[in-house]
Amino acid sequence: MLGGELRTRPAHAASPAAQPAGLIETIGDYLRAHPEAALLEDGRILFDLRTARYSLVVSHGRCQFQLWSEERNLVRSVLSAEKRASGLRLLTWRLGAARPIALELVPSSERRTPTARDQSRRQYLKRLERVLNRAFPGFAVEGLRSAMDLVHSFGPAYARGHLVRGTAAEAVIAVNDAESAAIIDGILTLGILWLHYSRQRASSRRHYGALKVILPEGMWRKTAERMAWLNHRAARFELYALDERTEELRPIDCNDLGNVDSRLVHAFNPQAAIERCGEGLARLTALIPAGARNRVEVCALSTTEAGLFLHGLQFARVRHGLADGAFTRVDEASFGAGAKETPLTDATAPLAERLFQQLFRSRHADGLHTDPLFRMSPEKWLEANF
C-alpha cells in the first residue's frame with residue numbers, strides 16, 4: 001500500500017516522549033497538508049511522496065522517520081523540525097554517521113520557479129556540450145537543444161542532440177539531476193522517440209546507428225535494467241552516468257549490473273499468491289466496468305499480495321494477512337495510489353466504481369493524450385506491451 005502511516009508506540013528510553021511526539025505531529029501535519037511533497041537532500045530529490053511510503057514512530061525516545069519506495073529505503077532519527085518559507089527543514093541522525101544530516105520536505109517535487117528551471121536547463125546544455133566534446137573527440141556535436149516540441153512528444157526537460165563523424169551519426173539524449181525522478185526515469189522512452197525522429201529527418205548520406213543516453217550519477221539503475229531488454233540489433237543503445245560537479249562521464253554496462261547491490265530471494269508461486277488473494281480481487285473486479293475486465297492484468301507482487309494493472313498502471317491491490325488481534329486471515333483491498341490510496345469498504349465502494357469508470361475511459365490506446373490518466377507511467381505502459 002502506498003501512502004503514509006503515522007503511529008506511536010511507547011518509547012523504550014527513560015526520557016519523556018513529548019519532543020518526539022511533537023515532531024511526529026509537525027511532520028505528519030505537513031505531509032497531510034502537502035500530499036505531493038518531496039524529500040530532498042542537498043537539493044536532490046530522494047523521495048516523491050506521491051509514490052513513496054513513510055512511517056513516523058517514537059522508538060527508543062526518538063522520532064524515527066522511515067521512507068521507502070521501489071528504488072530505495074531510508075531510516076533517520078529526527079532531531080528537530082524547522083518551518084521555512086521553502087518547506088520543512090529536518091535535522092536528522094543516521095546510524096553510523098559522524099554528524100547530523102539536514103533533509104528538507106518541500107511542497108512539490110517541482111519546487112523551482114520557471115525562471116530558475118529554465119536557467120538550470122540552459123546551464124546544463126553548456127556543460128553537456130563540454131562533456132561530449134571532451135569524451136568523444138572524433139565526433140562533432142550538432143543541434144544540442146532542449147526546446148519543447150509537443151508535436152513529436154519532446155519536452156524541455158531533456159537535452160537532445162547529435163554526434164556526427166562523416167556519414168556516421170549518433171543520437172544523444174540527457175537529463176540533469178535537478179529534474180524529478182519521474183522525468184529521469186522516463187528518459188528511455190523519449191530517447192527511442194528521438195532516435196526514430198533523427199533517422200526520419202536524416203539525409204541519405206547520414207546513418208544513425210546508436211543512441212547515447214546520459215543520466216545523473218547514481219540515478220541510472222532503473223534505466224539500465226530496462227535498456228538491457230531492448231533489441232540491440234536495431235541500434236546500439238549506450239548508457240552513461242554524468243557527475244555534474246566533476247563533469248566526469250563514465251559508461252554503464254547494462255548487461256552487468258553487478259552483485260554488490262543485488263540480492264537473491266526465494267522464488268514464490270505467482271499463481272498461488274493470486275489464488276490466495278482471490279476474495280479481495282473478486283471484490284475489486286466486480287467494480288470494474290463489465291466490458292473492460294478483459295483489459296485488466298492481475299500480477300502477484302509477493303507471496304501475500306496481488307495488484308490490478310491497466311497498461312502498466314497499478315490502480316488497486318490486495319494484501320492477504322492476519323486480522324488485527326486474531327489469527328483469522330483476511331484480504332485487505334485498496335484502490336488508488338500514493339497519498340490517495342483508499343481502503344475498499346462498503347462506504348468507499350461507490351467511489352472506487354466511479355474512479356474505475358473514469359480510468360478505463362481515459363487509459364486506452366486511442367485516449368486523449370492530454371488526459372492525466374492517459375499520461376501516467378509511460379515507461380510502465382511500454383513495458384506492459386512486451
Side-chain angles (χ1 to χ4, degrees), residues 1-8 28 31-38 47-57 66-73 182 268 270-290 292-363 372-374 376-377 380-381 383-384:
M1 184 183 296
L2 300 176
E5 173 190 357
L6 276 73
R7 53 193 172 90
T8 303
L31 293 176
R32 283 188 291 270
H34 303 92
E36 298 184 354
F47 292 93
D48 186 335
L49 272 299
R50 292 174 297 181
T51 56
R53 294 185 62 197
Y54 66 87
S55 172
L56 284 163
V57 300
Q66 181 176 8
L67 301 100
W68 62 97
S69 66
E70 294 181 354
E71 298 179 344
R72 57 175 64 91
N73 179 55
F268 64 91
Q271 188 58 40
I274 292 174
E275 293 174 358
R276 200 171 289 123
C277 300
E279 181 180 343
L281 292 172
R283 290 172 57 203
L284 289 166
T285 304
L287 302 175
I288 296 173
R293 292 172 188 171
N294 61 341
R295 296 167 56 195
V296 177
E297 182 181 6
V298 181
C299 296
L301 305 177
S302 70
T303 56
T304 58
E305 189 175 3
L308 297 181
F309 294 79
L310 178 62
H311 297 308
L313 176 65
Q314 182 178 323
F315 63 91
R317 76 173 69 202
V318 176
R319 280 184 169 176
H320 184 77
L322 294 174
D324 291 338
F327 292 101
T328 305
R329 289 195 170 272
V330 296
D331 284 348
E332 296 180 359
S334 61
F335 59 93
K340 303 297 184 182
E341 184 160 1
T342 306
L344 179 64
T345 63
D346 292 340
T348 61
L351 173 61
E353 189 171 13
R354 291 196 300 270
L355 291 178
F356 291 171
Q357 290 174 352
Q358 181 181 353
L359 174 65
F360 282 83
R361 283 197 304 266
S362 302
R363 196 171 178 84
L373 290 174
F374 178 91
M376 287 181 70
S377 303
K380 293 182 179 179
W381 191 329
E383 290 177 358

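Index from 1, following the sequence.
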> Do you know the tightest heavy-atom contact between Phe268 and Ala300?
Replying inline: CE1-CB, 3.7 Å
>> Can you give me the closest heavy-atom contact between Gly312 and Ala384, atom names plus distance?
In response: N-CB, 3.8 Å
>> So Ser377 and Leu313, do their side chains get closer than 4.5 Å, heavy atoms only?
In response: yes
> Which atoms form the tightest heavy-atom contact between Leu287 and Ala352, and what is the distance?
Replying inline: CD1-CB, 3.9 Å
> Is the number of heavy atoms from other residues, nucleotides or ligands under 6.0 Å of Glu279 CD greater than 12?
Replying inline: no
>> Taking side chain to side chain donor-acceptor pair (under 3.5 Å) as the definition, give me every residue that meets it alongside His320, ordered by chain and number, with sequence neighbours left out.
In response: Asp331
> Only one of Val296, Leu359, Ile288, Leu373 forms a side-chain contact (heavy atoms from CB on, under 4.5 Å) with Leu310, so which one is it?
Replying inline: Leu359
>> Using side-chain contact (heavy atoms from CB on, under 4.5 Å), reason through Leu49 and Leu67 one step at a time and then give a plain yes or no.
In response: CA-CA 9 Å; Leu49 272 299; Leu67 301 100; 4.2 Å; yes
>> With rounding to the nearest 0.5 angstrom, report the CZ to CZ distance, Arg293 to Phe360.
In response: 10.0 Å
> Has the side chain of Thr345 got a donor or acceptor atom that lies under 3.5 Å from a matching backbone atom of Thr348?
Replying inline: yes
> Any side-chain heavy-atom pair from Gln314 and Phe309 closer than 4.5 angstrom?
Replying inline: yes
>> Can you give me the closest heavy-atom contact between Cys277 and Val318, atom names plus distance?
In response: CB-CG1, 3.7 Å
>> Please find the pair of heavy atoms, one from Phe335 and one from Leu355, that lie closest to each other, and give the distance.
In response: CE1-CD1, 3.7 Å
> Side chains of Pro270 and Glu275: does their closest heavy-atom pair fall under 4.5 Å?
Replying inline: no
> Under the 3.5 angstrom rule, does the side chain of Arg317 hit a backbone N or O of Leu301 as a donor-acceptor pair?
Replying inline: no
>> Under a 4.0 Å threshold between the charged nitrogen and the carboxylate oxygen, would Arg319 count as salt-bridged to Glu332?
In response: no
>> Taking side chain to side chain donor-acceptor pair (under 3.5 Å) as the definition, give me every residue that meets it alongside Ser362, ordered by chain and number, with sequence neighbours left out.
In response: Asp371
>> Please enumerate all residues that pass side chain to side chain donor-acceptor pair (under 3.5 Å) together with Gln66, with sequence neighbours excluded.
In response: Asn73
>> Can you give me the closest heavy-atom contact between Phe356 and Phe315, atom names plus distance?
In response: CE2-CD1, 3.5 Å
> Going by heavy atoms in the side chains, are His311 and Arg295 under 4.5 Å from each other?
Replying inline: yes
> Has the side chain of Arg283 got a donor or acceptor atom that lies under 3.5 Å from a matching backbone atom of Gly278?
Replying inline: no
>> Can a donor-acceptor pair be found, under 3.5 Å and without considering hydrogens, that links the side chain of Arg53 to the backbone of Ser69?
In response: no
> Got a second to check how far Leu308's CG is from Glu297's CD, nearest 0.5 Å?
Replying inline: 10.0 Å
